[in-house]
Amino acid sequence: MLQNPSTIQNKYKNFVTRVVANERLYALENNKGYATSYSNRVEDENGDPIEMICFWSDESLAKSCIEKEWRDYQVSPLLLSEFLENWCVGMCNDGLMVGIDFDKNLFGDEIEPLKLILDILSLLIDLNKNISFKKYRDINELYNQAKELL
């Protein structure tokens, strides 16, 4: 069953708004790693779906997905700064996508990590909200690097 494009777009906008407001997001983790899925929209050069790591803007949304193949996972909170500079940059380097606010039926949005960085940083800039990074001087440095790579 396909999801309505406007529903997916709203999920994405809500995700960005929530993670910027809370400066935190959530993943599901077990002893083997983090919860992953495969893209329904993007394929690699061999025609195989691109792998993505799933993240949630709300702890309860993440918890609702702890069933079926993810039943042995636990919610793992992440700081927004760590997510942007480590996770998104690393996922871009590894050719992975980001799964956004999936529900228990694995419906959610899929986004390229650099696009997500730019959207989150743009909202932070618009709100005149600053976060500190370990690897970047400031929001503008990360924004400019992501924009160049995209």
Side-chain angles (χ1 to χ4, degrees), residues 1-124 131 133-136 139 141-150:
M1 182 173 149
L2 293 175
Q3 216 175 5
N4 181 319
S6 65
T7 301
I8 293 172
Q9 187 176 16
N10 285 336
K11 272 189 175 190
Y12 179 69
K13 287 179 183 178
N14 289 336
F15 176 89
V16 171
T17 301
R18 281 192 212 123
V19 300
V20 165
N22 300 322
E23 296 182 24
R24 178 174 303 275
L25 63 156
Y26 304 88
L28 294 179
E29 179 181 22
N30 70 7
N31 60 351
K32 296 177 187 170
Y34 289 86
T36 61
S37 188
Y38 289 89
S39 175
N40 289 315
R41 298 188 315 226
V42 182
E43 298 176 341
D44 65 16
E45 61 278 351
N46 298 321
D48 297 320
I50 298 233
E51 188 173 13
M52 60 186 157
I53 302 176
C54 302
F55 297 93
W56 291 265
S57 60
D58 182 86
E59 185 175 9
S60 63
L61 289 173
K63 279 183 182 178
S64 74
C65 293
I66 299 176
E67 58 179 47
K68 298 177 185 167
E69 66 266 16
W70 292 341
R71 68 185 167 277
D72 66 337
Y73 285 73
Q74 300 294 319
V75 175
S76 177
L78 300 165
L79 293 175
L80 181 57
S81 58
E82 177 188 350
F83 174 72
L84 293 171
E85 71 179 338
N86 294 325
W87 285 88
C88 286
V89 171
M91 290 181 353
C92 175
N93 291 336
D94 293 340
L96 301 172
M97 299 279 290
V98 182
I100 301 290
D101 276 349
F102 278 44
D103 63 20
K104 64 183 180 177
N105 298 313
L106 298 183
F107 287 130
D109 200 5
E110 307 169 8
I111 192 83
E112 292 181 27
L114 292 178
K115 170 86 170 93
L116 182 56
I117 289 174
L118 292 174
D119 289 344
I120 289 172
L121 293 178
S122 291
L123 184 56
L124 285 166
I131 58 174
F133 298 107
K134 292 180 181 176
K135 300 175 184 174
Y136 298 93
I139 288 174
E141 182 182 9
L142 178 54
Y143 182 89
N144 290 333
Q145 283 190 11
K147 194 171 182 176
E148 282 179 29
L149 291 171
L150 193 62

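Just so it is clear, the model here is predicted, and its values are computed rather than measured.
- The shortest heavy-atom contact between S39 and P49 is O-CB, 3.3 Å.
- With no hydrogens or angles considered, no side-chain donor-acceptor pair links N86 and K134 at under 3.5 Å.
- No more than 12 heavy atoms of other residues, nucleotides or ligands sit less than 6.0 Å from atom CZ of R71.
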Worked verdict on V75 versus W56 for side chain to side chain contact (heavy atoms under 4.5 Å, CB included): CA-CA 10 Å; V75 175; W56 291 265; over 6 Å; no

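- S37 contributes atom OG, which lies 11.5 Å from atom CD1 of I53 (distance to the nearest 0.5 angstrom).
- Side-chain atoms of E51 do not come within 3.5 Å of backbone N or O of T36 as any donor-acceptor pair.
- Not counting sequence neighbours, the partners of F55 by the ring pair (Phe, Tyr, Trp, His ring centres under 6.0 Å) test are F83, W87.
- When side chains are defined from C-beta on, L118 does not count as touching L114, because their heavy atoms never get closer than 4.5 Å.
- Listed by chain and residue number, nothing satisfies the side chain to side chain donor-acceptor pair (under 3.5 Å) test with K104 (two or more places apart in sequence, or in another chain).
- The ring pair (Phe, Tyr, Trp, His ring centres under 6.0 Å) test applied to F133 returns no partner, not counting sequence neighbours.
- Taking CG from N144 and CG from L121, the interatomic distance works out to 10.0 Å, rounded to the nearest 0.5 Å.
- Partners of Y38 according to the side chain to side chain donor-acceptor pair (under 3.5 Å) rule, which considers only residues two or more places apart in sequence or in another chain, do not exist here.
- When all heavy atoms of M97 and M91 are compared, the closest pair comes out as O-CE, 3.7 Å.
- Looking at N46, its side chain never comes within 3.5 Å of a backbone N or O of D48 through a donor-acceptor pair.
- Under a cut-off of 6.0 angstrom, the local environment of CD in E82 is crowded, with over 12 non-hydrogen atoms contributed by other residues, nucleotides or ligands.
- Within the 3.5 Å criterion, the main-chain N or O of N10 finds a donor-acceptor partner in the side chain of N14.
- Here the shortest heavy-atom pairing between F102 and G108 reads CD1-CA, 3.8 Å.
- Note that CG of L142 and CG of L124 are 10.0 Å apart. Values are rounded to the nearest 0.5 Å.
- Expressed to the nearest 0.5 Å, how far SG of C92 lies from CG of L116 amounts to 11.5 Å.
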With a 3.5 Å cut-off and sequence neighbours excluded, list the donor-acceptor pairs that the side chains of residues 59-70 form with protein atoms.
| residue | atom | partner | partner atom | Å |
| --- | --- | --- | --- | --- |
| S60 | OG | D58 | OD2 | 2.2 |
| S64 | OG | L61 | O | 2.7 |

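- Under the side chain to side chain donor-acceptor pair (under 3.5 Å) criterion, S57 pairs with R18, D101, not counting sequence neighbours.
- Checking each of D119, D109, T17 against Y12 for a side chain to side chain donor-acceptor pair (under 3.5 Å) leaves exactly one that passes, namely D119.
- Atoms OG and CD, from S76 and Q74 in turn, are 10.0 Å apart once rounded to the nearest 0.5 Å.
- In this structure the side chain of L150 never reaches within 4.5 angstrom of the side chain of I117, judged on heavy atoms.
- How far OH of Y34 is from CG of L28: 10.5 Å, rounded to the nearest 0.5 Å.
- The shortest heavy-atom contact between V20 and L80 is CA-CD2, 4.1 Å.
- At a threshold of 4.5 Å between non-hydrogen side-chain atoms, the residues Q145 and V89 do not count as touching.
- Side-chain N or O atoms of N22 include none that pairs as donor or acceptor with a backbone N or O of R24 at under 3.5 Å.
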